[in-house]
Protein chains: 2
Amino acid sequence: MSSSKLLKGSLATIVLRLLEEQEKMYGYEITQKVKQLTEGEFKITEGALYPTLHKLEAEGYLTTETQLVDGRVRKYYSLTKEGNAEAKAKVSELEEFLANLQKVLNPKLGLG
Amino acid sequence: MSSSKLLKGSLATIVLRLLEEQEKMYGYEITQKVKQLTEGEFKITEGALYPTLHKLEAEGYLTTETQLVDGRVRKYYSLTKEGNAEAKAKVSELEEFLANLQKVLNPKLGLG
DNA sequence: CAAGTATACATAATTTTCTTATGTATAAGA
DNA sequence: TCTTATACATAAGAAAATTATGTATACTTG
């Protein structure tokens, strides 16, 4: 995420969330999708993405399937059953976090 | 922030934001204020907070003033002029970031 | 047809920013 | 007296990025 050094720790959640929406995605596709959704604001770096994907796979949340397309290798990732549960868990955890963050950033609205 | 390892990188912004609201605050007070605002959800650890305060001071964004209260030392921090500008900058940077994050988490709303 | 850009994977070194553990010290409450 | 709260601080280690590098194929452009 090169748009700034904000938000370390949300990349795994983003990946899981995108895979809830879309059955199968490959790494490069994820970087492009995030770029598109944020109108170029988030640029996921390979050095962050690939280790994250490998870790999620190692933890049993993702499975892979390699395809050769136009002479290039693509490694498609999809959610396992556990990955599906983890996606839901991580997303709501992140949303709760964001709600709390808003309370701190806008203290007037939360408490006096 | 022990509630999770989410959002590394937002602590300095939180500190600067709180000091926009409240002229002077000391470290322990900041931990308690954040705890109060989030109903106990965010617990800022000393190991994270003090180095952050020292860094912000070293960067010229905060000035300190030590007081002895009830036999205990308190180190009050307040925003410098540059700190004030930095607070505004960091907060809007974070808010833009959060808006983009929402676009990724809720792709349906952003794009098809 | 050579060079640059895009696609597609991956890893290593380094940096940033936490957590956890530890240390010092005073005050208040059980 | 012992535990909890207040109040500071630093050090070791872990987590998660950034930056740099490497490999390889395809497409575009001059």
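By convention in this document, chain letters (A, B, ...) are assigned in the order of the sequence lines, proteins followed by strands, and residues within each chain are numbered from 1.
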Legend entry - Atom-to-atom span, NZ of B:Lys75 to C1' of C:dA25 - whole angstrom: 16 Å
Inset, instruction - Applying salt bridge (charged side-chain N to carboxylate O under 4.0 Å, His left out), name anything that partners A:Glu82, two or more places apart in sequence or on another chain. - result: none
Legend entry - Pairwise side-chain contact, B:Thr31 with B:Lys43, heavy-atom cut-off 4.5 Å (strictly under): no
Legend entry - Between C1' of D:dA16 and CG of A:Leu49, the distance in whole Å: 13 Å
Legend entry - B:His54 vs D:dC8: side-chain N/O to OP1/OP2 distance below 4.0 Å: no
Legend entry - Near-strand residues of residues 18-27 of chain A, defined as heavy-atom separation under 4.0 angstrom from DNA chain C: A:Tyr26, A:Gly27
Legend entry - Phosphate OP1/OP2 of C:dC9 contacted by A:Tyr50 side-chain N/O (<4.0 Å): yes
Inset, instruction - Whole angstrom is fine here: how far is it from CG in A:Leu11 over to C1' in D:dT18? - result: 13 Å
Legend entry - Interatomic distance where NZ belongs to A:Lys43 and P belongs to D:dT19 [whole Å]: 12 Å
Inset, instruction - Output the rest of the hydrophobic cluster of A:Val91: all Ile, Leu, Val, Met, Phe, Trp and Tyr residues reachable through side-chain heavy-atom contacts under 4.5 Å, sorted by chain and number. - result: none
Inset, instruction - Take atom CZ of B:Phe42 and atom C1' of C:dC18, then tell me their distance rounded to the nearest Å. - result: 14 Å
Inset, instruction - Between B:Gln32 and B:Gly47, just flag the one whose closest nucleotide in DNA chain D comes earlier from the 5' side. - result: B:Gln32
Inset, instruction - Kindly write out the residues that satisfy salt bridge (charged side-chain N to carboxylate O under 4.0 Å, His left out) with B:Glu65, not counting sequence neighbours, or none if the list is empty. - result: B:Lys24
Legend entry - A:Thr45 side chain, from C-beta outward: closest of D:dT18, D:dA17, C:dC18: D:dT18
Inset, instruction - Starting at atom NZ of A:Lys35, determine the distance to atom P of C:dA6, rounded to an integer number of angstrom. - result: 8 Å
Polar atom pairs between nucleotides 27-30 of chain C and protein, under 3.5 Å, N or O only, would you list them?
from	atom 1	to	atom 2	distance (Å)
C:dA27	O4'	B:Arg72	NH1	2.7

Inset, instruction - Please work out if B:Glu46 contacts a base, only the sugar-phosphate, or nothing of the nucleic acid, heavy-atom cut-off 4.0 Å. - result: base
Legend entry - Set of side-chain contact (heavy atoms from CB on, under 4.5 Å) partners for A:Lys88, sequence neighbours left out: A:Glu20, A:Asn84
Legend entry - Interatomic distance, B:Arg74 CZ vs C:dT26 C1' [rounded to whole Å]: 13 Å
Legend entry - 4.5 Å side-chain heavy-atom contact, A:Leu37 and B:Asn100: no
Legend entry - Pairs involving residues 68-77 of chain B, ordered by first then second residue, that meet salt bridge (Lys or Arg N to Asp or Glu O under 4.0 Å) (sequence neighbours left out): none
Inset, instruction - Using a cut-off of strictly less than 4.0 Å, decide whether A:Lys55 has a side-chain nitrogen or oxygen near OP1 or OP2 of D:dA16. - result: yes
Legend entry - Contacts of type side chain to side chain donor-acceptor pair (under 3.5 Å), residue B:Glu96, not counting sequence neighbours: none
Check: residues 52-59 of chain B side-chain donor-acceptor pairs under 3.5 Å, at least two apart:
from	atom 1	to	atom 2	distance (Å)
B:Thr52	OG1	B:Ala48	O	2.8
B:His54	ND1	B:Tyr50	O	3.3
B:Glu57	OE2	B:Thr64	OG1	3.2

Legend entry - B:Glu65 CD - D:dC8 C1' separation (whole Å): 16 Å
